[in-house]
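Written out below as structure tokens is the structure these notes cover.
Note that this is a predicted model, so its numbers are computed, not measured.
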Amino acid sequence: MDEIPVKRKIIISNTDIVHKEMTVSEEVYFFNNKKFEKKIPEGKTELEIAEEKVVEIVNGFLNRQYDNTIVLTGAGSSILREDDIEEDITEGFDILDHSGKTVYELKQAIEEHLDQLQVWYSLNELAERVKYTPDSNGFNIEDLLSKVETARDYISDNEKEKFDLTVTEIEKKIRSLCDISMCQYHKHREFINKLATKRRSHNRMKIFTTNYDTLFEQALQEEEYILVDGFSYEFPRKFNSRYFDYDFIIRGENKIMDEPEYIEKVVHLLKIHGSIDWKKSDRGEVIKSSVRDEQNQSLMIYPKRAKFEQSYENPYFDLFSRFQTELRKKNTLLIVIGFSFADKHIKSIVKNAMLNNVSLNILIVSPDIEKEEYTDFIDRAKRYENIMLYGGTFNKFVSIYRKQAAYSDELFIDTGDGNE
């Protein structure tokens with residue numbers, strides 16, 4: 001009996017639809033429904049040449065001339081997996097200690113934590129009290145926390161304290177899971193440096209992220225970039241969005257011209273769902289603090305359906321407004337990495353920009369680009385040249401980003417196009 005291959009889309013665009021069929025014994029690429037079969041140079045395999053063609057297609061999209069490049073990242077940019085790391089992993093090194101969590105892993109970690117404590121409600125007990133029933137997709141911690149928020153008023157007085165302490169413990173566990181230390185296998189530093197070489201004029205790199213962790217901050221510090229994150233540079237570090245309007249220039253005594261000389265390594269980081277190192281002071285000010293303690297209530301939009309309403313609060317409203325402003329700019333490239341668009345308010349912002357800004361180009365990077373949440377972008381990508389989806393992880397994308405082709409274009413002269 002023939003083995004049924006597993007099919008996975010690698011690229012979806014107006015000119016190229018690339019998928020890979022995998023069995024236990026082989027992997028085969030198809031370009032626009034044509035099996036990849038080429039004359040292979042000595043020392044190369046057919047699979048290597050096909051993957052180099054994928055690199056060429058993705059970088060062809062990225063290397064167009066853009067005036068403005070912005071990035072939107074989600075949980076996928078913080079996740080590390082052994083099969084996603086190219087180099088040998090040091091013996092005894094636990095990758096999971098330096099990785100973010102998927103929604104399923106987050107639920108598992110919280111469930112195990114509550115079961116070990118045996119003091120508060122278990123996840124199932126909490127679900128029973130708020131009448132949460134998982135749908136066909138399984139238990140979703142975001143859906144549960146949304147139910148918790150709306151059901152609290154209906155919890156009996158004799159259970160309310162235990163109920164509240166359970167929710168507090170869940171939020172504390174979420175914060176601890178987001179306290180991730182950068183390791184040598186993270187690609188954030190490489191990504192930032194590659195992105196910096198692409199920058200045109202004096203537009204600053206702008207990274208928008210829904211992640212609570214500080215991996216990008218750690219990468220920027222290690223690579224000696226100046227970070228503009230909306231916080232003051234004196235202590236205590238207070239948030240004010242006007243800092244995003246300031247810039248860094250070199251003032252030299254020997255300059256012949258009056259034109260400002262912009263410092264190169266400056267990056268704007270906008271954490272639109274907050275961060276584990278943000279909190280509110282007694283005076284109601286948003287401050288940034290590296291102090292970690294049990295009472296440190298991080299200022300974060302926790303994973304629940306009320307995220308949309310919270311995005312209208314300070315400081316999130318300012319950050320979302322700046323995201324919308326960037327998407328309206330002419331000739332802009334938006335790179336979306338590891339973000340599923342399950343957040344409907346963010347998806348709505350990007351969709352509106354896609355429909356109203358004809359010069360906006362979007363590259364979506366995700367291991368599974370055929371998810372239902374991407375349907376609107378897939379439909380658009382098949383009809384227009386300004387949208388592309390690439391099926392890969394954050395680490396894989398960084399590895400191929402700005403990678404030079406090592407072959408002749410003549411190898412692909414008869415590959416065909418998407419209209420065939």
With a 4.5 Å limit on heavy-atom distance, are the side chains of [X] and [Y] in contact?
X	Y	result
V148	R152	no
L327	L334	yes
E217	L227	yes
N33	H19	yes
K20	V28	no
L96	L80	no
V350	F339	no

Minimal non-hydrogen separation, [X] against [Y], with atom names:
X	Y	value
I287	K238	CG2-CG, 4.1 Å
F320	I272	CE1-O, 3.4 Å
N386	F61	O-CZ, 3.6 Å
V130	L144	CG2-CD1, 3.9 Å
M354	L360	N-CD2, 3.8 Å
D368	Y374	O-CE1, 3.2 Å

Aromatic plane relationship, [Y] with [X] - under 30° parallel, 30 to 60° tilted, over 60° perpendicular:
X	Y	answer
H345	H273	parallel
W278	F239	tilted
Y390	F397	tilted

Pair [X] + [Y], salt bridge at N-O below 4.0 Å:
X	Y	answer
E169	K173	no
R81	E105	yes
D229	K288	yes
R8	E370	no
R189	E222	yes
K107	E142	no
D245	R322	yes
D84	K396	no

Check whether more than 12 heavy atoms from other residues, nucleotides or ligands sit under 6.0 Å from atom [atom1] of [X], and answer yes or no.
X	atom1	result
N352	CG	yes
Y233	OH	yes
E224	CD	no
R383	CZ	yes
E234	CD	yes
E313	CD	yes

(message) Under the criterion side chain to side chain contact (heavy atoms under 4.5 Å, CB included), I'd like the reasoning laid out for I57 against M388: C-alpha separation, chi angles, the key distance, then a yes or no.
(response) CA-CA 10 Å; I57 293 170; M388 177 181 284; 3.8 Å; yes
(request) Evaluate the side chain to side chain contact (heavy atoms under 4.5 Å, CB included) criterion for residues R175 and Y212: first the C-alpha distance (whole Å), next the side-chain angles of each, then the deciding distance (0.1 Å), finally the verdict. (result) CA-CA 8 Å; R175 291 197 300 272; Y212 311 129; over 6 Å; no
Can you tell me if [X] uses its side chain to pair, donor with acceptor, with the backbone of [Y] under 3.5 Å?
X	Y	value
T90	F93	no
E373	S340	no
D376	K351	no
N32	I17	yes
E326	T69	no
K101	L177	no
D277	S289	no
T325	S321	yes
N14	A381	no

(message) Tell me which one of N331, N203, T332 satisfies side chain to side chain donor-acceptor pair (under 3.5 Å) with D67.
(response) N331
(request) Sort out for me which residue in S78, S77, S275, S181 forms a side chain to side chain donor-acceptor pair (under 3.5 Å) with D213. (result) S78
(request) Apply the test side chain to side chain donor-acceptor pair (under 3.5 Å) to residues K371 and S366: give CA-CA distance (whole Å), side-chain angles for both, the deciding distance (0.1 Å), then the verdict. (result) CA-CA 9 Å; K371 293 174 66 171; S366 175; 5.6 Å; no
(request) Decide yes or no on side chain to side chain donor-acceptor pair (under 3.5 Å) for D343 and T210, but give the supporting numbers first. (result) CA-CA 10 Å; D343 293 321; T210 58; 5.0 Å; no
(request) List the steps and the verdict of side chain to side chain donor-acceptor pair (under 3.5 Å) for S122 and D115. (result) CA-CA 6 Å; S122 68; D115 289 346; 4.9 Å; no
Would you please indicate if the ring centroids of [X] and [Y] are separated by under 6.0 Å?
X	Y	value
Y132	F139	yes
Y243	Y246	yes
F394	H188	yes
H98	Y185	no

(request) Using only heavy-atom distances, determine whether the side chains of K187 and S399 contain a donor-acceptor pair under 3.5 Å. (result) yes
(message) Assess the residue pair K35 and E21 against the criterion (salt bridge (Lys or Arg N to Asp or Glu O under 4.0 Å)); give the C-alpha distance rounded to whole Å, side-chain angles, the decisive distance to 0.1 Å, and a yes or no.
(response) CA-CA 10 Å; K35 184 178 179 181; E21 296 189 3; over 6 Å; no
(message) Does R380 qualify as a cation-pi partner of F377, given the criterion of NZ or CZ under 6.0 Å from the six-membered ring centre and within 45 degrees of its axis?
(response) no
(message) side chain to side chain donor-acceptor pair (under 3.5 Å) for N395 and T393? Distances and angles first, verdict last.
(response) CA-CA 5 Å; N395 271 25; T393 61; 6.0 Å; no
